2 protein chains.
Amino acid sequence: MGTVSKALNGTGSLREETRRHVRETAERLGFVADARARGLVAGRTYTVGFLTTDSFGRFMLPILMGAEDALSVGQIAVILADTRDDHAREQHLLRSLRSRRVDGLIVTGRTTDARDPLDVDIPVVHAFAPSNDDSAPAVLTDEAGAARLVVEHLLAIGRRRILHVTGPERHRSSRVRAEEVRRVAGEALVGEPMFGAWSEEWGLRAIDLALASGLEFDAVCAGSDQIARGVLDRLRERGLSVPADVAVTGVDNWDVMALAARPALTTADLCLAEIGRRSGEMLLDLVEGRELSEQRVVVPPRLEVRGSTV
Amino acid sequence: MGTVSKALNGTGSLREETRRHVRETAERLGFVADARARGLVAGRTYTVGFLTTDSFGRFMLPILMGAEDALSVGQIAVILADTRDDHAREQHLLRSLRSRRVDGLIVTGRTTDARDPLDVDIPVVHAFAPSNDDSAPAVLTDEAGAARLVVEHLLAIGRRRILHVTGPERHRSSRVRAEEVRRVAGEALVGEPMFGAWSEEWGLRAIDLALASGLEFDAVCAGSDQIARGVLDRLRERGLSVPADVAVTGVDNWDVMALAARPALTTADLCLAEIGRRSGEMLLDLVEGRELSEQRVVVPPRLEVRGSTV
DNA sequence: GAAAGGTACGCAAACGATTGCCTGTCCGGA
DNA sequence: TCCGGACAGGCAATCGTTTGCGTACCTTTC
């Protein structure tokens, strides 16, 4: 047993011939070492939990994939845990993850509103959804940066009357971005930010409201691609031309929306896969006991310029 | 150790007082039994792999969630494995899953084209994406049934000139549904099924093509909600009223598309979560050595009637 | 030819649970 | 008083690895 273990793991001092023989025999018999037993000795499981407070959705997926990529480097598998926003369910899942002795946890959620810290004694990295505990390791998106990116772009192409249509005011995301839009646009912001919902329907209605109240604007900075798409549709229906009369921007770079829009949508990509990747790397560092170079990483968004502004 | 084990698991013969004492102490110390060690003895890991041949996407999510629900009943956790359609990656992931001694595998993919069977010696259930091996346990969607559902609905509301706009002909999904549309619609099918792409853009273009070639139709049966949405947009732009002049149906019941469409889209829901749930249940039966009541389950689609047809 | 030194391999403990079996204690009955 | 039986709980083997240490054998050198 000992010799086989050493041969397969390249440890100990064995003749090359012996190693080869063991490896070939293992191959022939289809033997693969049992990761549990190995983990039992090593004091690790080479497994982490991916805990999402909301259901899995469009935002979770790229993060999950990025994390999986980064963790696979450390031979780590990902166990899913979806709390469905239910506290009892979360407790139950955490218990299950603890019994499985996961090496660490990536915690995420649909909104960027902060969540209460978890009471666990293993490394935790927050991805996308921040923790109330500011000192907890986290990889976050730059909400304000996304807003800045699109507004500066609109200003750069000469727009001076910008309308801001965004999601519900109760979401931190909407508030932070609206504040940044106000700051960067300054005089160029037309009226007040219009808070509503993260839906196409709100985009449609917001344009109706804006036109009805006689606002004049040459750009709409929408809080999401879905809102932007509603905005684009209604502008077209009202006979306004995009981008000639009105330029439109979104946030998310959700291909289904941004590419199907007519014209295709200029938008801020939040680089969710990158957030996932960095989270995975950070957790890997923590699990393997390395010092973190930074506790808190903010992934800068990226501007994707398409036909709706140029 | 033995006594504690018996107390916590409710086995052996112990005084009730002893059990209570052990449980309370465990609670106080935050002790949770190590699932690995338990599995080592039990010969199981209470863990299954979720292997998706394509990346995770919109189709995978509901299936995954359904499966997670069903499996959580058996205290089973799900390990993700995303092959990204790369054979080498698949082999590597399978090796990792084998070394983790997962109790079983759920295999799925984005398309309903059949895939080659896996060479593994644990229970496998195919979900959504069938296997080439017809005898393999599987939970599938009823492609033809979805087509029948919408066509029968269109016939029932009195439409007699139905246009069929669908995805690429190389996808089994398009072919099977087109065949069923032809069979059920009979005389009522206008021209040939129009194969294209699973995109809004194709929906737009297909209507242009149909109108240009002088086809007359009072209904469009689209192969997906995305196509249907393109169809709806272009019909409106061409001055045709939906559903008065033309009724439109989709397939998928993808809320983002179906609810944002104007009018909201009548569509066939493939009940993906149900497919996931049934797959999970089936795998649980296999893992726990129970006889399967049926090797092959077909989940019937459900018609969701909305404004685009009534 | 014998001792010294080095290399390759085997042995056994340990990781953290479960479980069958054995033992000790207590009770009741003869 | 002694024995039998029932019940509670402790002991140790087991699952499949890793790893440090001991040992056998081979080589080299005087």
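Please read all numbers here as calculations on a predicted model, not as lab measurements. Proteins get letters first, then strands, A, B, ... in listed order; numbering begins at 1 in each.
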Please list all pairs passing the side-chain hydrogen bond (donor to acceptor under 3.5 Å, both in side chains) test where one or both residues lie in residues 19-36 of chain B, with sequence neighbours left out.
B:D34-B:R36
For DNA chain D, which nucleotides open and close the run of contacts to chain B, 5' to 3', at under 4.0 angstrom from a non-hydrogen atom?
D:dA8 to D:dT17
Write out a two-atom table: protein N or O, nucleotide N or O from nucleotides 19-25 of chain C, distance below 3.5 Å.
{"from": "C:dG20", "atom 1": "O6", "to": "B:K6", "atom 2": "NZ", "distance (Å)": "3.0"}

Over all strands shown, is A:R44 touching base, sugar-phosphate only, or nothing at heavy-atom distances under 4.0 angstrom?
nothing
Taking side-chain hydrogen bond (donor to acceptor under 3.5 Å, both in side chains) as the test, write out the residues that go with B:W198, two or more places apart.
B:H171
Other residues, nucleotides and ligands only: do more than 12 of their heavy atoms fall within 6.0 Å of CZ on A:R95?
no
Is B:D252 salt-bridged to B:R58, cutoff N-O under 4.0 Å?
yes
Closest approach of B:L14 and B:A7, non-hydrogen atoms and distance?
CD1-N, 3.5 Å
Atom pairs and distances, side-chain donor-acceptor, residues 124-132 of chain A, under 3.5 Å, sequence neighbours left out:
{"from": "A:S131", "atom 1": "OG", "to": "A:D133", "atom 2": "N", "distance (Å)": "3.0"}
{"from": "A:N132", "atom 1": "ND2", "to": "A:D116", "atom 2": "OD1", "distance (Å)": "2.7"}

If the condition is side-chain hydrogen bond (donor to acceptor under 3.5 Å, both in side chains), which residues does A:D82 pass it with, not counting sequence neighbours?
A:R84
Does OP1 or OP2 of C:dC9 have a side-chain N or O of A:R15 closer than 4.0 Å?
yes
Test side chain to side chain donor-acceptor pair (under 3.5 Å), reference A:E143, set A:R175, A:R172, A:R177, output is A:R177
Can you pull the side-chain hydrogen bond (donor to acceptor under 3.5 Å, both in side chains) pairs that have at least one residue in residues 270-280 of chain A, sequence neighbours excluded?
A:E274-A:R277, A:R277-A:E281
Between C1' of C:dG16 and CG of A:D34, the distance in whole Å:
14 Å
Contact list for residues 269-298 of chain B, test ring-ring contact (aromatic ring centres under 6.0 Å, His included), sequence neighbours left out
none
Using a cut-off of 6.0 Å, state whether more than 12 heavy atoms not belonging to B:D255 lie near its atom CG.
yes
Once you build an axis from the first five pairs and another from the last five of the helix from C:dG1-D:dC30 to C:dA30-D:dT1, how far apart in angle are they, to 10 degrees?
70°
Return each pair, listed once, that meets ring-ring contact (aromatic ring centres under 6.0 Å, His included) where at least one residue sits in residues 24-47 of chain A; pairs must be two or more places apart or across chains.
none
Which ones in residues 16-30 of chain B lie close to DNA chain C, meaning a heavy atom under 4.0 Å from one of its atoms?
none
Who are the side-chain hydrogen bond (donor to acceptor under 3.5 Å, both in side chains) partners of B:E68, not counting sequence neighbours?
none
Report yes if at least one side-chain N or O of A:R101 is closer than 4.0 Å to OP1 or OP2 of C:dA17; otherwise report no.
yes
